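Inspection log for the structure reproduced underneath, given as structure tokens.
For ligands, and for the atoms within them, numbers begin at 1 and follow the listed sequence. What you see below is based on every heavy atom in this structure, not just the backbone, and it leaves out hydrogens, waters and symmetry mates. All of these numbers come straight from a predicted model, not from anything done at the bench.
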Amino acid sequence: MTRVIDPARLLSVAREEAELGKAEGGVPIGAALFDTTGVLLGRGHNRRVQDGDPSMHAETSAFRNAGRRPHYRDTIMVTTLSPCWYCSGLVRQFGIGRVIIGEAATFEGGHGWLEEHGVEITLLDDPACTALMTEFIRDRPELWFEDIGVPAEN
Ligand SMILES: [Zn+2]
């Protein structure tokens, strides 16, 4: 069933979330969880600033909004930016089968590590996602580096 979904359409939902986060003055990263037929299960964006919660990353937000499921192998996490170690850990912890990523040019996240562990990775190199983060890192470097913390060695 994975071949019938359109990754760009799924990404547009995550990108809408990133734009919402930007409009709220937050970190402009969005995500959405779908099943493998493309049905939306949950969506969300980084809410570090909005909630005063450094653990509320976009993927976490989408995952929590999707609620409980018996298993996650048949779900797709879609995110505007390659997932950090924390969100990559979430993908591994719950066995999410596939991750669709807007871009990894502004931040080298954990997608290579996920792929090594059998997660199907689709990297779209979406110019709109790259522009959102490039602008944000330029305009709010202190906020970005606060959010990302001290990057792990890779
Ligand atoms: Zn994260």
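- Looking at Tyr86, its side chain does come within 3.5 Å of a backbone N or O of Ser55 through a donor-acceptor pair.
- Protein N/O/S atoms nearer than 2.8 Å to the Zn ion (ligand 1) total 3.
- A side-chain contact (heavy atoms from CB on, under 4.5 Å) with Phe34 is found for one member of Asp74, Val13, Ile100, Ile5 and no other, namely Val13.
- Ion pairing between a basic and an acidic side chain is recognised when a charged N comes within 4.0 Å of a carboxylate O; Asp53 and Arg48 show no such pairing.
- The aromatic rings of Phe63 and Phe94 are tilted relative to each other, their planes meeting at an angle between 30° and 60°.
- Taking 4.0 Å as the cut-off between side-chain N and carboxylate O, Glu142 and Arg140 count as a salt-bridged pair.
- Relative to the ring axis of Trp144, Arg138 does not place its NZ or CZ within 45° and under 6.0 Å from the centre.
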